[in-house]
Amino acid sequence: MTPVQLVFILVAATTLGAALMVVITRNLIHAALWLVLSLFGIAVMYVLLSAPFLAVAQVVIYIGAIAILMIFAIMLTRRSTSEEGPALNANWGWGALLGVVTLGGLVWVLSSWPGFFAAPAPFPEGTDPLLTLGQALVSPNGYVLPFELASVLLLAALIGAIVVAWDRR
Amino acid sequence: MIPLSWFLIFSAALFSIGLFGVLSRKNAVAILMGIELMLNSININLVAFWRYQTPAQIAGQVFAVIVFAVAAAEVAVGLAIFISVYRRRRTVSADEIDLLKW
């Protein structure tokens with residue numbers, strides 16, 4: 001077992017454990033903090049996949065913005081008393097069953113695919129993935145239209161969020 | 001060297017955990033957290049397939065960047081809706097927000 005594989009196993013175990021805590025912890029603030037740990041593990045996964053830009057974007061967008069936004073929302077929507085009742089609804093058994101079936105089905109389908117145990121393909125000579133990504137995002141021959149549409153979507157979502165959460169009284 | 005299968009099994013497990021959270025949590029903000037886990041597992045899949053199958057094309061990473069933007073928009077609107085609901089109903093429990101239930 002190479003050191004990289006050991007790192008992968010440690011990070012994967014941490015991420016999955018944290019994700020499990022996110023969905024079963026009663027205290028929502030603790031769930032949000034477990035979510036931060038899980039998202040950080042995924043950022044390490046991007047590093048292992050040699051996608052450094054996505055790793056940085058993961059930390060900045062998910063941990064820095066989305067997780068903090070969730071903590072704010074939890075604090076704004078908390079009842080006066082502490083959380084009462086169970087954290088899971090009455091149908092959690094069916095949810096767990098569906099999750100296990102989904103995992104088993106996905107692994108079964110993927111394992112019948114011949115490329116399942118593929119090794120990483122080599123990068124083409126003389127190209128930098130980061131440079132290619134930056135150019136592809138703003139090149140008219142690349143993905144400039146979806147990129148700009150994403151900006152419009154974000155603007156619309158921001159205005160929509162302000163309108164929806166506006167206190168009209 | 002890490003085989004592709006490790007990343008795919010990892011992301012499948014993360015997706016299943018997120019699915020369980022979406023289906024089983026009572027609190028609406030916790031349901032959003034489950035959705036975040038599912039979106040992240042899909043991103044891992046996209047980047048893993050990019051790295052192992054088509055590193056010459058950048059489409060996998062671009063797709064992941066777009067998913068980031070959509071996830072941010074989704075969380076902003078979702079949390080705004082929950083804050084608005086909380087203001088009117090004093091709860092964000094998915095069991096009690098049943099105005100549209102017939």
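All chains are named by letter (A, B, ...) in the order of the sequence lines, taking the proteins before the strands, and each is independently numbered beginning at 1. Just so you know, these numbers use all the heavy atoms, side chains as well, and skip hydrogens, waters and symmetry mates.
Between B:F82 and B:L32, the closest side-chain pair of non-hydrogen atoms falls below 4.5 Å. Looking at B:W6 and A:Q5, their side chains come closer than 4.5 Å, going by heavy atoms from C-beta outward. Using a 4.5 Å heavy-atom cutoff, the side chains of B:F15 and B:N40 are not in contact. You'll find the side chain of A:W94 stays beyond 4.5 Å of the side chain of B:L23, heavy atoms only. A:L28 has its side chain within reach of B:R25: a pair of non-hydrogen atoms, C-beta onward, lies under 4.5 Å apart. In this structure, the side chains of A:I159 and A:L155 come closer than 4.5 Å at one or more pairs of heavy atoms. You'll find the side chain of B:L4 reaches within 4.5 Å of the side chain of A:W113, heavy atoms only.
Per-residue counts of heavy-atom pairs under 4.5 Å with chain A were compared for B:V77, B:I83, B:L79; the largest is that of B:L79. Between chain B and the options A:V107, A:L98, A:L97, the largest number of non-hydrogen pairs under 4.5 Å is found for A:L98. Most heavy-atom pairs under 4.5 Å with chain B, from the set A:A150, A:A118, A:A31: that is A:A118. When the candidates A:P120, A:G99, A:A19 are compared by the number of heavy-atom contacts under 4.5 Å with chain B, A:P120 comes out ahead. Contacts with chain A were tallied for B:A12, B:G78, B:A94; B:A12 has the most, counting heavy-atom pairs under 4.5 Å. Of the listed residues A:V101, A:N91, A:L106, A:T102, the one with more heavy-atom pairs under 4.5 angstrom with chain B than any other is A:T102. Note: A:Y62 leads A:W166, A:F147, A:W92, A:Y62 in heavy-atom pairs under 4.5 Å with chain B. The residue among B:S11, B:A72, B:G21, B:S16 with the most heavy atom pairs within less than 4.5 Å of chain A is B:S16. In terms of non-hydrogen atom pairs under 4.5 Å with chain B, the most contact-rich of A:P122, A:A119, A:P129, A:A136 is A:A119. Contact count versus chain A (heavy atoms, under 4.5 Å) is highest, among B:V29, B:V85, B:I31, for B:V29. Ranked by heavy-atom pairs under 4.5 Å with chain A, the list B:S5, B:A80, B:A73, B:S84 is led by B:S5.
Proximity of a side-chain donor or acceptor of A:S151 to a complementary backbone N or O of A:E148 within less than 3.5 Å is detected. Side-chain atoms of B:R90 do not come within 3.5 Å of backbone N or O of A:T77 as any donor-acceptor pair. The closest donor-acceptor contact from the side chain of A:S111 to the backbone of A:W108 lies under 3.5 Å. Not a single donor-acceptor pair under 3.5 Å links the side chain of B:T54 to the backbone N or O of B:A56.
Geometrically, B:R51 does not engage B:F49 in a cation-pi contact defined by less than 6.0 Å to the ring centre and at most 45° from the axis.
Using a 4.5 Å cut-off between heavy atoms, A:L49 contacts chain B through both its backbone and its side chain. In this structure, chain B has heavy atoms under 4.5 Å from both the backbone and the side chain of A:L20. In this structure, chain A has a heavy atom under 4.5 Å from the side chain of B:L37, while its backbone stays farther away. With a threshold of 4.5 angstrom between heavy atoms, A:A65 does not approach chain B through any atom at all. Using a 4.5 Å cut-off between heavy atoms, A:L54 touches chain B through backbone and side chain atoms alike. With a 4.5 Å cut-off on non-hydrogen atoms, A:I24 touches chain B through its backbone and its side chain both. With a 4.5 angstrom heavy-atom cutoff, B:L14 touches chain A via backbone and side-chain atoms both. Of the atoms belonging to A:T127, not a single heavy atom falls under 4.5 Å from chain B. Interface remark: A:Q135 contributes no atoms to any contact with chain B (heavy atom separation under 4.5 Å). Of the two parts of A:V22, the backbone and the side chain both hold a non-hydrogen atom closer than 4.5 Å to a non-hydrogen atom of chain B. At a 4.5 Å heavy-atom cutoff, the contact between A:L39 and chain B is made by side-chain atoms alone. When heavy atoms are compared at a cutoff of 4.5 Å, A:S38 approaches chain B solely by way of its side chain, counted from C-beta outward. Heavy atoms of A:L133 lying under 4.5 Å from chain B belong to its backbone as well as its side chain. For chain B, the nearby part of A:I61 is the side chain; its heavy atoms alone come within less than 4.5 Å. Both the backbone and the side chain of A:F116 come within less than 4.5 Å of a heavy atom in chain B. For A:F53, the part sitting under 4.5 Å from any heavy atom of chain B is the side chain, from C-beta outward, and nothing else.
In summary, the aromatic rings of B:F7 and A:F8 are positioned with their centroids under 6.0 Å apart.
Rounding to the nearest 0.5 Å gives a distance of 5.0 Å between CE of A:M45 and OG1 of A:T15.
No more than 12 heavy-atom neighbours from other residues, nucleotides or ligands sit within 6.0 angstrom of CZ on A:F40. Within 6.0 Å of CZ on A:F72 lie no more than 12 heavy atoms contributed by other residues, nucleotides or ligands.
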